[in-house]
Amino acid sequence: MKKYIWTCLLILSFIFVAVGTRPCMAANQTFPDVKDHWAKDYITQLSSLGYVGGYPDGTFKPDKTMSRAEFTSALITCMGVTAGDTTSRNFSDTPGNWAIASINEAVKRGILIPGEYPDGLVPNGGIKRSEACAMLVRALSKGPTNGIPSFIDKNDLQQSMYVGYIKTACDLGIMAGYSDGNFKPFSTMTRAQAFTVIYKFLAQQGKVPAIPATTATPTTPAASSSNGTIKYIAIGDNIYDCKQAAFIMNFQEVPVTSITASNSSINVNGYYTFKLDSSNNTDIVIYNNRYSFDKLAVSGDKLVLSSPSRKIYKFKVKDYTYNSDYISLYVNSANKGYYLSDMEIIDKNEVKLGSKTYKLGTDKLTIAVTSGNSGTKNFYDIEQIELEQQDTVMELEATDPVVMEELSISDITAIFVDNTTLNLDRIDNINFIMGGKKYSLSQVAIDASGNFSKGNQDYTYKQVAMFIDNVQYKIDLLNINKSKYIFYCSKDTSQEWVIVDDKYLDADEVKIIKGTSSYDLDQVLVVQHNLLRIDGEQYQLDSDFKCRVDDKIYAIDEIDYDSSQQATSIETGDLADTTLANQPDEIVFFNGNSRYQEGTEDVTIYTASKWVSFERILISDASHYIYQDKTYKLIGAQIRLSELDFEAVDTSWHGATQILDIYLEKQ
């Protein structure tokens, strides 16, 4: 790898970052405005090591919002990189920006992805917590992790394109949630928060000592409080007797009998304690009006809700009463995982879900309720909302179903495959692969916009592989007409599957390792149970064989070909030697600074006094490789591409997946 000279960077007048041992101006100093700040330890340590400085007036301004440009420059500089490209136009709004070189370097390294910002980077806009997760994880050459992080604001996390990166960052200990159990992916970061996560990023690499995490990450000063008995609750311009209210906790209504204030918290009914400076993920109900709020404050004998938003609580349809916590809410006929209790009311014609607002009558917001004992699910569009003094009432209009469950072939009007139509009467079974699992038609739910769902997971039809009597199809379009579905498909021969521990994976994501040689699955023929053929040689499965999945190496307990599923089936055992796991998903060769070749086809490397196919070596790290149990230096090695000889002079990782760049000089 290249040894970069770490330098200091002055980011306009906003932020000073120094990398290495030479501090920048105003670094290694005591900042008066962080003396009692929650991030004091991180800021002080970074300053003492020469990584960060303050403003010319001696302050640090820890609670000032950090922009994308500032965060990108800080991250690139702390990586020890000297950015110099000021001419590339990766975003429409970055040419001329003071941080253009760092932004272009971040794009080059796969830390910033231009396609994620179709309307421009907005470099001076605040960096969001979710974006920071993605950038930090990519800078570590790691990728997203499947699953939803275990935070209370699951709906917000599911809406973020970076949810997999959030999970990885939290698993690594770089990012953490708030003390109220939320993550807040769309919240912007302050300087204190940004440098805290950058510190943890450096600690991941052993460049700074670890600091025990704090228990909270406040973004605003604590609310003022007073001691004593609370008699009233103030919501906007209205004041209510506190005994008219109830708190919603864990989906249960807790009527108020008493509220007392003490220091920075309140106690309800002598049992429940809430902090004043956070939302506590708790709503308050007065009459049949439900309110969520940013935080609580105490003013004399009044409990004041900060930034309250009104919601639907309980409502009636045909003499049946429903609780909004348990009523699914569909947006423009799509199942996005919302419940009616998630909907904040702006006025009678406008509502908010997550970070987006919707106009009733223009946007289609639909609820589904089950009628009485029949179990029949009926759907209603929300036409308007009346905000009465003691009630919040929806005007509903019956509508066609926008999502259907427990489907059968009778719920399908037609399946078109290219220019033909399948005979539905001759179809025995229809299955779908979603998120690595195979489900039958009756096990999935499909909404009117073509989204599939199973449990809490949603998938667009383009993310779903369809199998009709074990023949694989790609869904090109999915329509609904009169509550029945029409599939437009094409045969899919490009996607090959492998079943690893009952999970369906793309065959390109799985490698078979024999000794220290790595093989793609299309290079391995499974002759029969635990019998494999590679390069014309036949082998019985033994401990010399291993399987690489998700950058981990596992022993193979069993391997077979499942003809009914038309896929190789592997059962793995214990984790094997993890030093072999760091294999690149892709190798790109550069001649000087120009991209020369992608992939290792027709590439050989001179090893052990002979030319060896590049596919027969294992990358142990960016500077070394293994061949026949012996480690060799990659930098300085002779590499032949299409009969031309080169010397490897440098390597680097980049991208969200493992992509290894190898820089060559012609011999």
Side-chain angles (χ1 to χ4, degrees), residues 9 11 13-19 23-24 26-75 77-79 126-133 135-137 139 151 166 169-170 172-223 264 275-279 294-295:
L9 175 66
I11 302 176
S13 302
F14 299 120
I15 176 175
F16 301 90
V17 179
V19 184
C24 293
N28 195 11
Q29 66 182 92
T30 301
F31 306 108
D33 54 347
V34 301
K35 180 180 178 182
D36 297 316
H37 198 275
W38 63 267
K40 172 188 173 184
D41 291 343
Y42 294 102
I43 296 169
T44 301
Q45 185 79 335
L46 283 171
S47 176
S48 67
L49 293 171
Y51 280 89
V52 62
Y55 284 76
D57 63 0
T59 63
F60 187 81
K61 296 181 172 51
D63 296 318
K64 183 177 180 179
T65 299
M66 196 171 203
S67 71
R68 291 186 184 89
E70 292 168 350
F71 186 85
T72 303
S73 290
L75 179 57
T77 306
C78 283
M79 290 173 65
I127 181 76
K128 292 183 173 62
R129 288 167 56 79
S130 54
E131 294 175 284
C133 285
M135 293 175 68
L136 292 164
V137 169
F151 295 104
I166 293 171
C170 292
L172 291 172
I174 296 174
M175 293 284 278
Y178 289 76
S179 58
D180 62 0
N182 290 289
F183 184 82
K184 303 180 183 178
F186 303 112
S187 294
T188 56
M189 301 183 76
T190 63
R191 282 167 50 82
Q193 293 170 334
F195 277 110
T196 295
V197 299
I198 286 177
Y199 187 99
K200 294 177 180 179
F201 166 81
L202 293 170
Q204 268 287 319
Q205 303 166 81
K207 295 177 180 178
V208 295
I211 295 176
T214 56
T215 57
T217 310
T219 56
T220 56
S264 59
K275 292 183 178 180
L276 293 174
D277 59 354
S278 66
S279 68
D294 289 341
K295 62 181 181 179

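Nearest heavy-atom pair, S130 versus I166, reported as atom, atom and distance to 0.1 Å: CB-CD1, 3.9 Å. Considering all non-hydrogen atoms of both residues, G126 and T65 come closest at CA-CG2, 3.8 Å. Heavy-atom minimum distance, V208 versus A203: CG2-N, 3.4 Å. In terms of heavy-atom proximity, K207 sits nearest to C78 at NZ-O, 4.0 Å. Of all non-hydrogen atoms in V34 and K40, the two that sit nearest each other are O-CB, 3.4 Å.
Taking the six-membered ring where the residue is Trp, F151 and F183 present tilted rings, their angle falling between 30° and 60°.
Inter-residue side-chain proximity for P185 and R129 is flagged as unmet; no heavy-atom pair is nearer than 4.5 Å. Proximity of I198 to Y42: side-chain heavy atoms (C-beta onward) are nowhere separated by under 4.5 Å. Using a 4.5 Å heavy-atom cutoff, the side chains of F31 and T44 are not in contact. Considering only heavy atoms from C-beta on, Q204 comes within 4.5 Å of I174 through its side chain. Using a 4.5 Å heavy-atom threshold, the side chains of M79 and F201 count as touching.
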Practice item. Go through M135 and T72 one step at a time and tell me if the side chain to side chain contact (heavy atoms under 4.5 Å, CB included) criterion holds. Key: CA-CA 8 Å; M135 293 175 68; T72 303; 3.4 Å; yes

Exercise for review: Kindly determine whether K275 and K295 satisfy side chain to side chain contact (heavy atoms under 4.5 Å, CB included), including the steps that lead there.
Suggested key: CA-CA 8 Å; K275 292 183 178 180; K295 62 181 181 179; over 6 Å; no

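The cationic atom of R191 (NZ for Lys, CZ for Arg) lies less than 6.0 Å from the six-membered ring centre of F60 and within 45° of the ring axis.
Not one N or O on the side chain of T190 forms a donor-acceptor pair closer than 3.5 Å with the backbone of D63.
Rounding to the nearest 0.5 Å gives a distance of 12.5 Å between CG of L202 and NZ of K200. Within the model, atoms CD of E131 and OG1 of T188 stand 10.0 Å from one another, a figure rounded to the nearest 0.5 Å. Atoms OG and CE, on S67 and M189 in that order, are 12.5 Å from each other to the nearest 0.5 Å. Here M66 contributes atom CE and I127 contributes atom CD1; the two are 9.0 Å apart, rounded to the nearest 0.5 Å. A distance of 5.5 Å separates CG of L75 from CZ of F71, quoted to the nearest 0.5 Å. The CD1 atom of I43 sits 8.0 Å away from the CG atom of D33 when rounded to the nearest 0.5 Å.
Atom NZ of K61 has more than 12 neighbouring heavy atoms from other residues, nucleotides or ligands inside a 6.0 Å radius.
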